[in-house]
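Remember, it's 1-based here, ligands and their atoms both numbered in the order they're listed. Remember, predicted model here, so these are calculated numbers, not experimental data.
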Amino acid sequence: MKVTVVGAGAVGASCAEYIALKNFASEVVLVDIKEGFAEGKAMDLMQTASLNGFDTRIKGVTGDYSQTAGSDVAVITSGIPRKPGMTREELIGTNANIVKSVVEQLVKYSPNVIVIIVSNPMDTMAYLVHKATKLPKNHIIGMGGALDSARFRYRLAEALNAPISDVDGMVIAAHSDSGMLPLTRLATYRGVPVSEFLSEERLAKVAEDTKVGGATLTKLLGTSAWYAPGAAVSALVQAIACDQKKLFPCSVLLEGEYGQKDVSVGVPVIIGKDGVEKIVEIALNDAEKAKFSESTQAVREVNKALDG
Ligand code: NAI
């Protein structure tokens, strides 16, 4: 399994590190536009190999996409992150140009690649990849819901004072502060609905803390987070590499599912060797359907900027 990670910044390097630590990929190519930066990150990471016990070869290149040829998976993290007080949507102008040029180069050398898009505003960037390439729709995966769901489980476990592994929950819809839809009704603690243990107010607080999870970290760190985003990407890459057929909420092109068309937004999907192997349609109640539809409409509004 050859994996390319474009953008050797905070998220790109974190994801390369987690992929290497799990030791399932033979090669990771880090690409950045900043001269020598990816080479430096790759060398530093490779010097952890004997200490951490992995055999994955990590190579860094400055803009030389010929080195990415034959990649099975490519992760796009190139672009600018938000600063405190910014929304993800404000990044669109800069990041759309970067993502478009990057994906064209990737596809030139790896025409059958599975692309995982991380750069924000992610749902719109995933839609842009559909428009800019001829890749099949199952080969374009937007990473947002995997991270947001991990943040949801963290907040649920905190509220329940429980081990995170005993808690389950999922966040769907747009990867934005206002658009995320943490499915509190379906969240469970040891298989029992969390509403049996938490008051409505406490659950509403969990949902709100989840939605502003990225903004909270951006305020604390001065830039956006990287450990959990890197771990979420590496989990998706591993699901493809190891054909796990595991369920993650991801931003995928909808063609009638969930009553939506021609938009990429977060829904539960099965990830395996072919990328998105199935879109799972869970039964939403009326309130959830209305929120999902509102969130999707907001993504469509952001997508309009791609035409301008
Ligand atoms: P960063 O600034 O640390 O790294 C970005 C890297 O991209 C830099 O090293 C930069 O030199 C490189 N770059 C810029 N233009 C390039 C080009 N044309 N070709 C190759 N490399 C290029 O930023 P960070 O924190 O790693 O975030 C990256 C992106 O990921 C941001 O847009 C951020 O908002 C997004 N993000 C998305 C998440 C999600 O859940 N979808 C979670 C966290 C971040």
Side-chain angles (χ1 to χ4, degrees), residues 4-18 29-42 60-65 67-68 74-84 86-106 115-129 140-152 171 173-177 179-180 210-218 221-236 248-252 264-266 299 302:
T4 287
V5 178
V6 185
V11 177
S14 159
C15 124
E17 182 178 15
Y18 284 123
V29 180
L30 267 175
V31 185
D32 206 282
I33 201 168
K34 233 186 292 174
E35 189 68 43
F37 190 62
E39 288 86 336
K41 288 278 181 111
V61 296
T62 304
D64 178 5
Y65 283 85
Q67 299 292 317
T68 71
V75 180
I76 304 182
T77 76
S78 47
I80 50 167
R82 55 181 173 160
K83 295 266 174 274
M86 279 175 93
T87 66
R88 295 175 177 90
E89 291 75 11
E90 286 174 71
L91 307 173
I92 190 164
T94 308
N95 286 357
N97 288 330
I98 293 174
V99 168
K100 190 161 186 289
S101 70
V102 163
V103 79
E104 282 166 2
Q105 290 293 312
L106 285 171
V115 173
I116 299 177
I117 174 88
V118 181
S119 311
N120 273 317
M122 180 279 294
D123 297 292
T124 296
M125 294 302 113
Y127 184 72
L128 167 65
V129 174
I140 302 173
I141 305 172
M143 193 294 288
L147 169 65
D148 302 331
S149 300
R151 287 177 171 158
F152 185 35
V171 178
H175 179 62
S176 69
D177 295 359
M180 264 176 231
T210 301
K211 288 165 76 170
V212 297
T216 304
L217 284 161
T218 302
L221 298 167
T223 184
S224 69
W226 56 89
Y227 293 118
V233 174
S234 79
L236 295 182
F248 294 93
C250 293
S251 187
V252 299
S264 184
V265 75
V299 173
V302 181

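Residue-to-ligand polar distances place Asp32 within reach of ligand 1: an N/O pair is separated by less than 3.5 Å. Between Ser119 and ligand 1, no N or O atom pair is found at a separation short of 3.5 Å. Of the N or O atoms in Ile80, one or more lie within a sub-3.5 Å distance of an N or O in ligand 1. At under 3.5 Å, a nitrogen or oxygen of Asn95, whether backbone or side chain, sits near a nitrogen or oxygen of ligand 1. For the pair Met143 and ligand 1, the shortest N or O to N or O distance falls below 3.5 Å. Ligand 1 has an N or O atom lying under 3.5 Å from an N or O atom of Val118, backbone or side chain. At least one N or O atom of His175 sits closer than 3.5 Å to an N or O atom of ligand 1. Taking only nitrogen or oxygen atoms, main chain and side chain alike, Leu91 does not reach within less than 3.5 Å of ligand 1.
Distance check: Lys100 NZ to Leu128 CG gives 7.5 Å after rounding to the nearest 0.5 Å. Considering CD of Glu17 and CG of Leu30, their distance stands at 11.0 Å, rounded to 0.5 Å. Rounding to the nearest 0.5 angstrom, the gap separating the CG atom in Leu217 from the CZ atom in Arg82 is 9.5 Å. The OG atom of Ser264 sits 10.5 Å away from atom CD1 of Ile141, with the distance rounded to the nearest 0.5 Å.
A donor-acceptor contact shorter than 3.5 Å links the side chain of Thr77 to the backbone of Val6. When atom types are taken as modelled, the side chain of Gln105 and the backbone of Val102 share no donor-acceptor pair closer than 3.5 angstrom. In this structure a side-chain-to-backbone donor-acceptor pair under 3.5 Å is present from Ser234 to Ala231. In terms of modelled atom types and a separation under 3.5 Å, the side chain of Asp148 and the main chain of Lys211 share no donor-acceptor contact. Not one N or O on the side chain of Glu35 forms a donor-acceptor pair closer than 3.5 Å with the backbone of Thr62. Put simply, the side chain of Thr218 never gets that close to the backbone of Lys83: no donor and acceptor are under 3.5 Å apart. Proximity of a side-chain donor or acceptor of Asp32 to a complementary backbone N or O of Ala38 within less than 3.5 Å is not detected. Checked by atom type and distance alone, the side chain of Ser149 pairs as donor or acceptor with a backbone atom of Val171 at under 3.5 Å. Looking only at distances, no side-chain donor or acceptor of Thr124 sits under 3.5 Å from a matching main-chain atom of Val302.
Atom 15 (N) of ligand 1 has its nearest heavy-atom neighbour, among Ile98, Leu221, Leu30, in Ile98. In this structure, of Ala38, Gly9, Ala8, the residue bringing a heavy atom nearest to atom 4 (O) of ligand 1 is Gly9.
With a 4.0 Å heavy-atom cut-off, ligand 1 is reached by the side chain of Phe37 but not by its N, CA, C or O. Under 4.0 angstrom from ligand 1, the non-hydrogen atoms of Pro229 all belong to its side chain. Counting heavy atoms under 4.0 Å from ligand 1, residue Val6 touches it through the side chain alone.
Closest to atom 26 (O) of ligand 1 among all protein heavy atoms lies Val11 N, 2.9 Å. Of all protein heavy atoms, the one closest to atom 22 (C) of ligand 1 is Ser78 CB, 3.5 Å. Of the protein's heavy atoms, Gly79 O, 3.2 Å lies nearest to atom 5 (C) of ligand 1. Nearest protein neighbour of atom 2 (O) of ligand 1, counting heavy atoms only, is Pro81 CD, 3.5 Å. If you check which protein heavy atom lies closest to atom 3 (O) of ligand 1, you get Ala10 N, 2.9 Å. The nearest heavy-atom contact from the protein to atom 21 (N) of ligand 1 is Ile33 N, 3.4 Å. Of the protein's heavy atoms, Thr77 O, 3.4 Å lies nearest to atom 29 (C) of ligand 1.
Within the 4.0 Å heavy-atom cutoff, Thr223 does not count among the residues contacting ligand 1.
The Lys34 neighbourhood of ligand 1 comprises atoms 11 (O), with distances under 4.0 Å to a heavy atom of that residue. Atom numbering of ligand 1 starts at 1 in the shown order; those under 4.0 Å from a heavy atom of Ser224 are 25 (O), 44 (C). Against a heavy-atom cut-off of under 4.0 Å, Asn120 is close to the following atoms of ligand 1: 32 (O), 33 (C), 34 (O), 35 (C), 36 (N), 37 (C), 38 (C). Close contacts of ligand 1 with Leu147, meaning ligand atoms under 4.0 Å from a residue heavy atom, involve 40 (O), 42 (C).
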Inset, instruction - With side chain to side chain contact (heavy atoms under 4.5 Å, CB included) as the test, would you mind laying out the steps for Cys250 and Leu236 before giving the verdict? - result: CA-CA 9 Å; Cys250 293; Leu236 295 182; 3.9 Å; yes
Legend entry - Check against side chain to side chain contact (heavy atoms under 4.5 Å, CB included), Trp226 and Leu221: CA-CA 10 Å; Trp226 56 89; Leu221 298 167; 4.1 Å; yes
